[in-house]
Amino acid sequence: MLAKTSATLSLLLFLVGIQDAFGLPAATYQQPMQVDSIVPGEIAHQIRPRPPRKLHGRFLHLTDMHPDPFYRAGTSEVSACHRNKPKKASPRAGEFGYRYGECDSPLLLTNYTLDYLEKNWADEVDFVVWTGDSARHDNDRKLPRTLKEIYELNRHMASRMEEIFTARGIPVIPSIGNNDVWPHNIMLPGPNDVTFEFSSIWKSFVPFYSYQVFQRGAYYAVEVIPNRLAVVALNTMYFFDSNKGVAGCDPKDREDPGNLQFDWLEVQLSQFRSRGLQVWITGHVPPSARNYHTECYIRYVELSLRYQDTILGHLYGHMNVDHFFLLDATNLNSDSNVNSDSHLSSLALDHEEDGDDGDSNDSNSDSDPEDDTVSVSGKHKELYKSLLKNFNYIAKQANKNIDYDALAVVNVGPSVVPNPYLPSFRVYAYNITGEGYVPASVGSEGVDAGYSIDDDEGDLEDENEDKDEGDWIRDGFTFDREEAEEEELMEEEEEERGEELEVDRHLGDYVDRESWCPTGKESWACLLTGRWHSSPQSPSRANRLFSPIGFAQYYLPDMNGTAKKPPKWKLEYLTFEPSKLHPPNATKMTSETTTRQAVEDAEFVYPMPLKRLPKKLRTPEVKKSRYAPYKMKDLTIPSWLRLVKRLGKKKNEKLRERFRGFMYMGANAEL
């Protein structure tokens with residue numbers, strides 16, 4: 001049976017043009033100036049750099065593509081869309097996928113997605129974050145996965161990413177997903193066959209001086225803008241609670257691969273901070289108390305907050321559902337104990353919960369189930385409820401006092417695979433103007449960034465004429481009056497925090513160490529004493545050079561189509577205020593426009609290319625749009641907290657419905 005499966009797969013891969021696993025052409029190497037802890041910093045500068053690239057101030061986040069070479073249009077979902085036609089009244093697999101179901105991506109969909117990105121986005125982004133799961137789920141007992149298949153699919157996807165991005169000099173930063181290993185969810189300590197194989201598959205992406213560390217644990221870092229901006233790709237398999245092949249960051253086992261990875265990450269962050277770099281942390285499985293081994297979760301939260309002034313944000317996949325959540329040191333006591341009464345106890349419910357990996361299809365039986373989508377829908381409905389409960393709790397706490405130093409934001413991107421929702425990808429915009437931030441303990445503070453897309457104060461009276469009754473326009477952004485007052489209060493509180501913490505704050509200020517570590521018990525909650533670095537002026541908390549300023553999310557709302565007439569990618573939503581997609585004086589342009597204004601407009605960095613937006617958003621006169629429900633100033637921690645406060649209030653039902661709609665992508669009408 002396995003021989004037949006392997007032969008069939010080889011034929012399928014040949015038909016779709018996948019190259020032989022060991023016959024790929026020589027790759028074009030990216031040359032980021034990345035330094036691993038095992039290499040002196042001076043050595044990195046001996047690497048021949050690429051010619052400087054023009055920065056666009058954008059990057060792509062792509063995750064969970066799950067290509068399936070066995071997918072067959074017209075088949076039944078209960079067979080994982082591999083065989084058998086369903087009953088006449090039942091939906092069947094389409095050419096571009098089975099939406100709102102549990103089938104993986106046909107190769108037509110993954111190829112179409114990558115072709116679309118090559119044509120429309122490859123020349124518009126500076127780097128690509130690719131957070132894993134580039135092989136199908138093991139959800140068909142009649143067609144079990146093999147290691148060879150997993151590696152071949154990953155090689156094919158890597159080859160396409162090389163052709164589209166790396167060949168243009170655009171760094172690609174991939175990470176391993178729980179379905180990129182066999183058996184799924186299980187990865188033993190390295191060095192092992194997995195780390196060696198992926199060091200070959202990703203040789204165009206992993207910097208040369210990271211090879212030794214990568215072969216030990218499959219994690220690494222890339223300086224996507226040499227000496228300025230880095231991306232860390234973690235191997236979350238060593239933190240994942242479903243991986244029973246590791247010790248889960250047990251403090252008594254310092255050689256546990258999770259502990260070794262955090263030790264490495266600590267060194268990387270310390271070096272990046274001392275050199276004045278800003279960093280994105282990326283990986284596959286999001287960091288939550290439910291997803292991670294308890295001790296791994298503690299170490300992740302602690303490092304994230306210890307280097308809050310260096311880390312711009314956290315980008316993950318795996319969940320196949322669009323959402324965000326906060327890491328909050330003040331809740332570590334309840335989070336890490338996974339207290340059933342905690343407001344966070346069910347946060348980040350895993351789509352592949354309990355190691356089930358979506359294998360709800362009884363593939364030994366090809367009869368149609370009565371309701372084969374309820375279980376997945378139920379898990380994600382619980383996620384929505386948990387998020388709102390969490391947001392409500394934070395909103396109430398924020399009314400008392402906001403401790404920004406104890407917070408970090410995790411963004412979980414939606415998947416390309418329509419399992420269980422719709423194919424999607426996300427493009428982030430970040431600030432590429434102004435002066436950089438220099439940590440106070442390293443040097444003098446940098447001044448505020450010169451980049452601003454806010455209107456001048458003199459324009460506010462004119463804009464007030466366009467506002468709805470009850471709205472208040474402040475700093476060029478539209479709020480209701482209560483929200484605007486809260487916005488002002490939060491900004492005052494943030495300013496009162498000062499430039500940088502003068503006290504040596506550390507994890508012990510937030511956890512009850514007596515409860516965590518009674519006599520004879522060890523926990524990282526009691527062992528970590530490093531001083532935390534945070535500042536209201538850092539790019540994660542104030543819009544300046546390299547700060548994330550927003551994202552636009554694209555999806556396939558109508559998956560009906562053929563190879564000759566494919567479906568169309570469309571904008572689902574964006575986080576920006578519509579007017580901020582244009583130069584600040586674009587609506588005021590007259591024959592008397594000053595030379596200074598003309599120069600400023602010519603230098604304006606468009607957050608998103610206008611040609612990639614719906615026509616209604618291409619004109620600067622638009623103040624409101626269904627595509628822009630959040631109207632966020634930027635994606636700094638204070639801005640996310642403002643959105644959390646809005647979502648946490650029951651009175652904002654319309655906003656909550658929009659948030660829920662983006663999570664489920666219209667699935668309510670289908671499920």
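Numbering starts at 1 and runs along the sequence shown.
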Exercise. Where do Met665 and Ser424 land on the side chain to side chain contact (heavy atoms under 4.5 Å, CB included) test, with the steps shown first?
Worked result: CA-CA 10 Å; Met665 296 183 171; Ser424 307; 2.7 Å; yes
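- Side chain of Ser105 to main chain of Pro67: no donor-acceptor pair is present (N/O by atom type, distance under 3.5 Å, no hydrogens or angles).
- Tyr71 and His66 are not linked by any side-chain donor-acceptor pair at a separation below 3.5 angstrom, with hydrogens and angles left out of the test.
- Annotation for Lys244: atom NZ counts as buried by contact number, over 12 foreign heavy atoms lying within 6.0 Å.
- Side-chain contact between Ile281 and Tyr300 is present, with at least one heavy-atom pair separated by less than 4.5 Å.
- Between Met559 and Tyr98 the shortest heavy-atom distance is CE-N, 4.3 Å.
- You'll find the side chain of Asp64 stays beyond 4.5 Å of the side chain of Val416, heavy atoms only.
- Looking only at distances, no side-chain donor or acceptor of Asn291 sits under 3.5 Å from a matching main-chain atom of Pro287.
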For this session: I would like to know whether Glu163 and Arg160 meet salt bridge (charged side-chain N to carboxylate O under 4.0 Å, His left out); could you show each step before the answer?
Result: CA-CA 5 Å; Glu163 295 168 1; Arg160 290 290 288 127; 2.9 Å; yes
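- Around atom CH2 of Trp569, more than 12 heavy atoms belonging to other residues, nucleotides or ligands sit under 6.0 Å away.
- Residues satisfying the side chain to side chain donor-acceptor pair (under 3.5 Å) criterion with His82, sequence neighbours excluded, are Asp68, Asp140.
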Problem set entry | Worked verdict on Asp115 versus Thr113 for side chain to side chain contact (heavy atoms under 4.5 Å, CB included) | CA-CA 5 Å; Asp115 289 344; Thr113 301; over 6 Å; no
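- Around the CG atom of Asp193, the shell of radius 6.0 Å holds no more than 12 heavy atoms that belong to other residues, nucleotides or ligands.
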Exercise. Are Val232 and Tyr219 close enough, and set up right, to give a side chain to side chain contact (heavy atoms under 4.5 Å, CB included), and what steps lead you there?
Worked result: CA-CA 8 Å; Val232 171; Tyr219 43 84; over 6 Å; no
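- Note that CZ of Arg290 is 8.5 Å distant from OG of Ser386, once rounded to the nearest 0.5 Å.
- Side chains of Ser523 and Glu295: a donor-acceptor N/O pair is present below 3.5 angstrom, by distance only.
- Arg145 places a side-chain N or O within donor-acceptor distance of the main-chain N or O of Val181, the cut-off being under 3.5 Å.
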Exercise. Would Arg136 and Glu149 count as a salt bridge (charged side-chain N to carboxylate O under 4.0 Å, His left out) if you check the C-alpha gap in whole Å, the side-chain angles of each, and the deciding distance to 0.1 Å?
Worked result: CA-CA 9 Å; Arg136 68 182 175 100; Glu149 175 194 333; 2.5 Å; yes
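- Side-chain polar atoms of Ser200 and Arg155 form a donor-acceptor pair below 3.5 angstrom.
- The shortest distance between side-chain heavy atoms of Thr195 and Met187 falls below 4.5 Å.
- Of the possible donor and acceptor atoms, none in the side chain of Ser159 sits under 3.5 Å from a partner among the backbone N and O of His156.
- Aromatic pair Trp121/Tyr116: ring centres not closer than 6.0 Å.
- For Asp104 (side chain) and His137 (main-chain N/O), a donor-acceptor pair under 3.5 Å exists by modelled atom type.
- Looking at Asn179, Thr63, Asn178 one by one, the single match for side-chain hydrogen bond (donor to acceptor under 3.5 Å, both in side chains) with His284 turns out to be Asn178.
- In this structure a side-chain-to-backbone donor-acceptor pair under 3.5 Å is missing from Glu162 to Ala167.
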For this session: Under the salt bridge (charged side-chain N to carboxylate O under 4.0 Å, His left out) rule, what do Asp558 and Arg99 come out as? Steps first, then yes or no, please.
Result: CA-CA 9 Å; Asp558 183 2; Arg99 68 178 192 169; 5.5 Å; no
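- The main-chain N or O of Ile150 is found under 3.5 Å from a side-chain atom of Asn154 such that the two form a donor-acceptor pair.
- Two residues are said to be in side-chain contact when any heavy atoms from C-beta on lie closer than 4.5 Å; Val427 and Phe551 fail this criterion.
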Problem set entry | Check against side chain to side chain contact (heavy atoms under 4.5 Å, CB included), Val285 and Tyr316 | CA-CA 6 Å; Val285 181; Tyr316 289 86; 5.8 Å; no
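- No hydrogens or angles considered: a donor-acceptor pair under 3.5 Å links the side chains of Tyr428 and Arg426.
- A donor atom on one side chain and an acceptor atom on the other are found under 3.5 Å apart for Gln553 and Asp322.
- No donor-acceptor pair under 3.5 Å is formed between the side chain of His61 and the backbone N or O of Leu315.
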